[in-house]
Amino acid sequence: MTTPSPSDEGRLVHLGIGNFARAHTLVDTQRAGGWSVSAFTGRTAAMADALNAQKGQYGLIVRGAEDDEVSIIDVIDEVYPADDVDALVRLVADPFTAVVTLTITEKGYAAGNDPATSAPARLALGLKARREAGVTEPIALVSCDNLTGNGDVLREAVLAAADEDTRAWFPDHVDVISTMVDRITPSAAEGAAALVQERTGLVDTVPVVTEPFTEWVVEDRFRGRRPAWEKAGVQFTDDIELHELRKLRLLNGAHTLMAYAGQVAGVERVDEAIGHREVRALVEQLWSEARATLDLPAADLDAYTAALEERFRNPRLADNLIRIAADGSAKLPVRALPVIAELGGPDKAPGEVAAVAAWTAWVTDRVRAGDEVKDPKADAIATAAAIEDPTQRVTALLALLDVPAGDPLVAAVAAQERRLPRP
């Protein structure tokens, strides 16, 4: 365990140290200053090995439409593999630890109560140790994943895995914070490491590439210490829900639609998808429907979608659709299905239906071509996608999204599949 220096204000523990966290939340934590960071990988130990070999440093490439800005992020003290439960328990129990942030993706909150496979279950063990150690200062758990009410989802997942005494202790000692985080972070392309070394001198095996735009809105409900994130431009608010919904339904919803419809149409990158006439028309339809569910001024929504289109069109970001396509069975139920329900059914939300239909068409194409579908329900998707009868196939696939057989959405998706643009 890293020993804090006297100047440190506290320790932040981060779970899920992938590209997104390194492009966003940890950048803002460095700018806040004064905090130690201990991080845990999401799955394999590879990122821990790479970052520890570089003493926690890595290069951040902010890729604008015309040029790159390159800097070194040096806020991480040590990275542990996800399965080092003892290290996480020790760190959470330590009074110096005041904040835990998470980027574990949507599926990470539904991983169950086994600490071997579930980050919330591991947190529950850490909180038990903190309780048993008699630590009185509150600790904040801060979700940074694309879920509406992500703090509430995190709270339920942790409490479901906790013992009875920890559940009773929890309200007086644990703050669970919802946030909205927005920064597109594609996989680093070939040449990123060379660029970092050329601009900074750092030999970096895990550089991060991201866009100039960044936004982090945080629920203002901390009782204990936290980094001074406002120094990095973080916005604190008492009303996080509208910010979450705006991003989830406009940015993430459009990303999901383009990820599948773009690939079905024969393109590979986000900028190509938004530039494809028919795919862009579907995105505009989805935006129109999603906007109808958001209680925000039309001028604000106009500005946000205009900024989104500019971000999507950045050709130098080269964001691959296959990256965004992962975990569709976890994303569609929180991005598309709620809008369809709120608008009164699939006939009132053809753009959202198109997102679902693009997914069913895309996974079917992938399975039948023998290609991998990265999804927590990959095996069940493969079985359903192999069904020859179109209606039965769509019925089986939508059942994986908890859509019952006979629901009007089944027929709407089957019909929309036939209208999707193809190469």
Side-chain angles (χ1 to χ4, degrees), residues 17-32 54 57-76 103 144 146 179-217 229-235 243 246-247 250-259 262 267-276 279-280 283-284 287 300-324:
I17 186 70
N19 290 340
F20 183 67
R22 295 189 298 129
H24 196 291
T25 54
L26 294 187
V27 175
D28 287 348
T29 300
Q30 174 166 295
R31 290 171 179 164
Q54 298 172 192
Q57 295 183 327
Y58 61 91
L60 178 72
I61 302 171
V62 178
R63 181 144 288 168
E66 298 179 358
D67 196 12
D68 297 319
E69 178 183 317
V70 185
S71 60
I72 295 176
I73 304 303
D74 186 16
V75 71
I76 300 173
T103 50
C144 304
N146 290 320
T179 75
M180 188 282 293
V181 189
D182 188 357
R183 196 173 207 185
I184 296 170
T185 306
S187 301
E190 185 177 351
L195 179 62
V196 171
Q197 185 171 5
E198 176 189 338
R199 297 278 187 95
T200 70
L202 176 68
V203 178
D204 185 4
T205 63
V206 285
V208 180
V209 175
T210 192
E211 64 171 335
F213 180 91
T214 182
E215 184 178 27
W216 192 8
V217 184
W229 284 315
E230 58 271 21
K231 292 181 180 178
V234 176
Q235 177 182 347
H243 295 278
R246 182 195 64 180
K247 188 223 175 179
L250 295 177
L251 186 150
N252 299 125
H255 254 172
T256 296
L257 171 58
M258 288 190 294
V267 300
E268 297 180 354
R269 303 198 314 261
V270 169
D271 60 305
E272 295 171 335
I274 198 64
H276 187 289
V279 175
R280 177 181 171 174
V283 170
E284 290 176 345
W287 277 345
D300 291 356
L301 294 172
D302 288 342
Y304 188 72
T305 53
L308 282 181
E309 182 164 350
E310 181 179 356
R311 295 163 67 189
F312 291 161
R313 287 186 178 277
N314 183 345
R316 301 185 67 253
L317 205 57
D319 198 1
N320 289 318
L321 298 174
I322 190 69
R323 178 190 73 84
I324 305 167

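Fair warning: this is a prediction, and the values are worked out from it, not measured in the lab.
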Checklist line | Criterion side-chain contact (heavy atoms from CB on, under 4.5 Å) on Leu60 and Ile72, from CA distance to verdict | finding: CA-CA 6 Å; Leu60 178 72; Ile72 295 176; over 6 Å; no
Note to self: Using side-chain contact (heavy atoms from CB on, under 4.5 Å), reason through Leu321 and Arg269 one step at a time and then give a plain yes or no.
What the structure shows: CA-CA 5 Å; Leu321 298 174; Arg269 303 198 314 261; 5.5 Å; no
Note to self: Set out, in order, the CA-CA distance, both residues' side-chain angles and the distance that settles side-chain contact (heavy atoms from CB on, under 4.5 Å) for Phe20 and Thr25, then state yes or no.
What the structure shows: CA-CA 8 Å; Phe20 183 67; Thr25 54; 5.6 Å; no
Check: Are Ile61 and Val208 close enough, and set up right, to give a side-chain contact (heavy atoms from CB on, under 4.5 Å), and what steps lead you there?
Finding: CA-CA 6 Å; Ile61 302 171; Val208 180; over 6 Å; no
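Note on Arg199 versus Asp204: no salt bridge recorded, every NZ/NE/NH1/NH2 to OD/OE distance being 4.0 Å or above. Remark: Asp28 does not engage Arg183 in a salt bridge, criterion side-chain N to carboxylate O under 4.0 Å. Salt bridge Arg31/Glu230: absent, no basic N to carboxylate O contact under 4.0 Å.
In plain terms, the two heavy atoms of Asp302 and Thr305 that are nearest each other are O-OG1, 3.2 Å. Of all the heavy atoms in Pro212 and Gly64, the pair that sits closest is CG-CA, 3.8 Å. The heavy-atom pair separating Ile324 from Val270 by the smallest distance is CD1-CG2, 3.5 Å. The minimum heavy-atom distance linking Pro207 with Ala188 is given by the pair O-CB, 3.6 Å. Across all non-hydrogen atoms, the minimal contact from Ile274 to Asp271 is CG2-O, 3.4 Å. In terms of heavy-atom proximity, Arg313 sits nearest to Gly275 at NH1-CA, 3.9 Å.
No donor-acceptor pair closer than 3.5 Å links the side chain of Glu198 to the backbone N or O of Ala194. No side-chain donor-acceptor contact under 3.5 Å links Thr179 to the backbone of Val181. Of the possible polar contacts, none joining the Lys247 side chain to the Asn252 backbone as a donor-acceptor pair under 3.5 Å is found. Side chain of Arg22 to backbone of Val206: a donor-acceptor contact under 3.5 angstrom is found. Side-chain atoms of Ser71 never come within 3.5 Å of backbone atoms of Gly59 as a donor-acceptor pair (strictly under, hydrogens ignored). A donor-acceptor pair under 3.5 Å is absent between the side-chain atoms of Arg316 and the main chain of Arg63, judged by distance alone. When atom types are taken as modelled, the side chain of His24 and the backbone of Glu215 share a donor-acceptor pair closer than 3.5 angstrom. Judged purely by atom type and a 3.5 angstrom limit, Gln235 has no side-chain atom pairing as donor or acceptor with the backbone of Trp216.
Of the inter-residue distances, the one linking Leu202 atom CG with Gln57 atom CD reads 5.5 Å to the nearest 0.5 angstrom. A distance of 13.0 Å separates CD of Gln30 from NZ of Lys231, quoted to the nearest 0.5 Å. Here the CG atom belonging to Leu317 is positioned 6.5 Å from the CD atom belonging to Glu211, to the nearest 0.5 angstrom. Going from atom CG of Leu251 over to atom CD1 of Ile184 covers 5.0 Å, rounded to the nearest 0.5 Å. Separating the CD atom in Glu272 from the NE2 atom in His276 is a distance of 10.0 Å, to the nearest 0.5 Å. Taken to the nearest 0.5 Å, the CZ atom of Arg246 stands 6.5 Å off from the NE2 atom of His243.
Ring geometry for Trp287 versus Phe312: interplanar angle under 30°, hence parallel rather than tilted (30 to 60°).
In Glu310, the CD atom is not crowded: 12 or fewer heavy atoms of neighbouring residues, nucleotides or ligands sit closer than 6.0 Å. When the shell of 6.0 Å around CD of Glu69 is examined, it contains 12 or fewer heavy atoms from other residues, nucleotides or ligands. Counting non-hydrogen atoms of neighbouring residues, nucleotides and ligands closer than 6.0 angstrom, the CD atom of Glu284 exceeds 12 such neighbours.
Listed by chain and residue number, Arg323 satisfy the salt bridge (charged side-chain N to carboxylate O under 4.0 Å, His left out) test with Asp319 (two or more places apart in sequence, or in another chain). Residues passing the salt bridge (charged side-chain N to carboxylate O under 4.0 Å, His left out) test with Asp74, sequence neighbours excluded: none.
By the 4.5 Å heavy-atom criterion applied to side chains, Asp68 and Val62 are not counted as neighbours.
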